[in-house]
*Asks:* 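First the structure, then my questions, so here it is.
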Amino acid sequence: MISISVQEKDFDVGEEYRQLQSDDTSAGANIGGIAIFTGQVRDLTENPLKFMRLEHYPGMTEKSLQQTAEQAEERWPTIDIRIIHRIGDLAPGEQIVFVGVSSAHRDAAFSACEFSMDILKTSAPFWKKEQHVDGASGWVDAKDVDQQRAERWQDSE
Amino acid sequence: MISISVQEKDFDVGEEYRQLQSDDTSAGANIGGIAIFTGQVRDLTENPLKFMRLEHYPGMTEKSLQQTAEQAEERWPTIDIRIIHRIGDLAPGEQIVFVGVSSAHRDAAFSACEFSMDILKTSAPFWKKEQHVDGASGWVDAKDVDQQRAERWQDSE
Amino acid sequence: MKVLFFGSLREQLGTGELNTALPDGVKTIGQLLQSLQSQGDAWKLALGTGNVLFAVNQDMVDENTAINDSDEVALFPPVTGG
Amino acid sequence: MKVLFFGSLREQLGTGELNTALPDGVKTIGQLLQSLQSQGDAWKLALGTGNVLFAVNQDMVDENTAINDSDEVALFPPVTGG
């Protein structure tokens, strides 16, 4: 089962984990492993960050995340895939993204989770703008390394 | 910081996640990502499982898990690594193992988490014995694929 | 047709949405990008970077993708979510 | 010296711990494994599988690792945690 959410409000990892665990109607005790990744707002700039503004393309965002999860589901034997991505103004330390995957197999859970994060980073239409404490602001540039991480899934399982 | 626990009692993923998030005295808002894996008892046998008995080598278990976490810490820029492994009798669906890694970087969090799981599977002295509902029981055999997954970390970063 | 702009492009252009007829001779989204640059210096500056991504009907596509008047078209910089 | 057994080995041997003097001529843990097999058929059956792992002082080691009387030595089947 795939669950996608794009939302302003925060998410609770414990609660999301319980949702992944409790898909027992279909999976019973077949879940062997659950892999989770969350991303947070870092404050690494010399100029202190007040918050990160997350802009997105409503409609396409959900469609893109859904397609990413479906691709993961086709490549690995997953049970559930849950993706949450926040939008709006997020302070340093706040959670931005959640990807959780349950599977009968540990390798499938890990791979589908990491794949989803890597593809999301280069294909889901979100844009970050840093808003600094001193009033300065600037759009975050896309990173080559993210493109490379996404591309490595093209030629290897 | 490394935290290792071998315990009979269950663990709460939400609480463990909060611990990973809250190591702010050293990390501040430097955590960019947190990767978590949990393993559960599956019931895949034709003969229904009553519980899985987890036996271990007290002392060596903790030492082995500590060494695995230290190796992960040397290879990737992690902030915190938390490993929990349960022992005793665990029913189908119960949690067995937790590995959580926080890092400034998503790739480091993912790799250190997956590495720790793979190395743990082949080097931490735990043994599983299936206890079936009908009274039958049998030790679980080690899997070649686990050995292969551990060995792939020897030649690649 | 509706052309949407996001992120730094939206900000540079001062608009998130343009309602326009498909210009004569424009058959692909790459050609639309070229055509829009003739609207003025701000458009040329924002869209002439060689670093613009395309979506047609909410799917990311390449510059050679055909478009028509009823499509929802979007132009935006490389994405930075996650 | 103290020799510990775990998992199926412990069960097959009917004991988790053996207190014994280091047998004459035994210098490595691989040699200890050979020596223990001479204790009887059950020992030969359990320890002669070619599928026994070794730990000395709670570190996994290979069969050529030297041991002495004060070491904590353990023999066990491949591990199956996680």
Side-chain angles (χ1 to χ4, degrees), chain A residues 4 6 37-42 52-68 70 83-88 90 95-99 113-131 137-147 149-150, chain C residues 1-20 22 28-30 32-33 36-37 41-82:
Chain A
I4 303 294
V6 178
F37 179 84
T38 68
Q40 280 87 36
V41 178
R42 280 190 296 166
M52 190 76 87
R53 176 161 290 168
L54 265 291
E55 175 175 330
H56 77 129
Y57 179 173
M60 179 172 167
T61 321
E62 291 81 354
K63 186 176 179 182
S64 169
L65 295 175
Q66 177 76 27
Q67 285 169 344
T68 297
E70 285 171 2
I83 303 179
I84 303 171
H85 202 296
R86 294 178 68 195
I87 51 175
L90 305 176
Q95 305 181 121
I96 303 175
V97 62
F98 174 93
V99 175
C113 184
E114 193 165 9
F115 169 89
S116 298
M117 269 307 303
D118 286 348
I119 302 303
L120 174 167
K121 290 283 275 188
T122 55
S123 65
F126 294 99
W127 299 273
K128 289 195 186 97
K129 189 176 187 182
E130 294 174 336
Q131 309 280 341
S137 67
W139 292 92
V140 172
D141 285 328
K143 295 196 199 83
D144 287 344
V145 65
D146 285 330
Q147 197 59 46
R149 282 182 65 84
Chain C
M1 76 185 316
K2 190 160 81 165
V3 186
L4 303 171
F5 305 102
F6 293 97
S8 55
L9 269 193
R10 176 186 56 71
E11 215 171 63
Q12 283 179 279
L13 297 173
T15 181
E17 184 172 337
L18 186 70
N19 283 289
T20 177
L22 191 61
T28 68
I29 192 163
L32 177 67
L33 178 75
L36 289 172
Q37 289 182 53
D41 284 351
W43 293 80
K44 193 158 192 173
L45 192 66
L47 300 175
T49 60
N51 209 12
V52 175
L53 301 186
F54 311 101
V56 173
N57 299 326
Q58 305 189 349
D59 278 318
M60 250 203 257
V61 297
D62 68 25
E63 60 181 350
N64 299 316
T65 301
I67 52 174
N68 65 53
D69 243 335
S70 64
D71 288 327
E72 177 179 310
V73 168
L75 303 177
F76 45 75
V79 303
T80 56

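Small disclaimer: the values here were computed from a predicted structure and weren't measured. Numbered from 1 within each chain, the chains take letters A, B, ... in sequence-line order.
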*Asks:* Chain C heavy atoms under 4.5 Å from Gln67(A): which part of the residue, side chain, backbone, both or neither?
*Replies:* side chain
*Asks:* What do you reckon, is CG of Asp144(A) surrounded by more than 12 foreign heavy atoms closer than 6.0 Å?
*Replies:*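 Atom CG in Asp144(A) is not crowded, with 12 or fewer foreign heavy atoms closer than 6.0 Å.
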*Asks:* Give a yes or no answer on whether the side chain of Lys128(A) reaches the backbone of Gly82(C) with a donor-acceptor pair at less than 3.5 Å.
*Replies:*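 At least one qualifying donor-acceptor pair exists.
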*Asks:* As a quick check of understanding, evaluate side chain to side chain contact (heavy atoms under 4.5 Å, CB included) for Phe126(A) and Val79(C), giving each step before the final call.
*Replies:* CA-CA 5 Å; Phe126(A) 294 99; Val79(C) 303; 5.6 Å; no
*Asks:* Given heavy-atom pairs under 4.5 angstrom as the criterion, report whether the side chain, backbone, both or neither of Asp146(A) touches chain C.
*Replies:*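 Looking at Asp146(A), nothing touches chain C.
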*Asks:* Can you establish whether the number of heavy atoms outside Asp62(C) located under 6.0 Å from its atom CG is more than 12?
*Replies:* yes
*Asks:* With side chain to side chain contact (heavy atoms under 4.5 Å, CB included) as the criterion, how do Gln12(C) and Trp139(A) come out once you've worked through the C-alpha distance, each side chain's angles and the decisive distance to 0.1 Å?
*Replies:* CA-CA 11 Å; Gln12(C) 283 179 279; Trp139(A) 292 92; over 6 Å; no
*Asks:* Evaluate the side chain to side chain contact (heavy atoms under 4.5 Å, CB included) criterion for residues Glu11(C) and Lys129(A): first the C-alpha distance (whole Å), next the side-chain angles of each, then the deciding distance (0.1 Å), finally the verdict.
*Replies:* CA-CA 11 Å; Glu11(C) 215 171 63; Lys129(A) 189 176 187 182; 2.3 Å; yes
*Asks:* Heavy-atom cut-off 4.5 Å, strictly under: side chain, backbone, both or neither for Leu4(C) against chain A?
*Replies:* side chain
*Asks:* Is the side chain of Trp127(A) donor-acceptor paired with the backbone N or O of Gly81(C) at a distance under 3.5 Å, no angle test?
*Replies:* no
*Asks:* Show your working on side chain to side chain contact (heavy atoms under 4.5 Å, CB included) between Met60(C) and Ser123(A) and close with a plain yes or no.
*Replies:* CA-CA 8 Å; Met60(C) 250 203 257; Ser123(A) 65; 4.1 Å; yes
*Asks:* What part of Asn57(C) is in contact with chain A, defined as an atom under 4.5 angstrom from a non-hydrogen atom: side chain, backbone, both or neither?
*Replies:*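 When you check distances to chain A, only backbone atoms of Asn57(C) fall under 4.5 Å.
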*Asks:* Please look at Lys63(A) and chain C and tell me whether the side chain, the backbone, both or neither of the residue comes under 4.5 angstrom of a heavy atom of that chain.
*Replies:*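 Side chain only.
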*Asks:* Give, for atom OG1 of Thr80(C) and atom CG of Leu54(A), the distance between the pair rounded to the nearest 0.5 Å.
*Replies:* 7.5 Å
*Asks:* Can you confirm whether Glu55(A) sits close enough to Arg10(C) that some side-chain heavy atom of one is under 4.5 Å from a side-chain heavy atom of the other?
*Replies:*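 Sidechains of Arg10(C) and Glu55(A): in contact.
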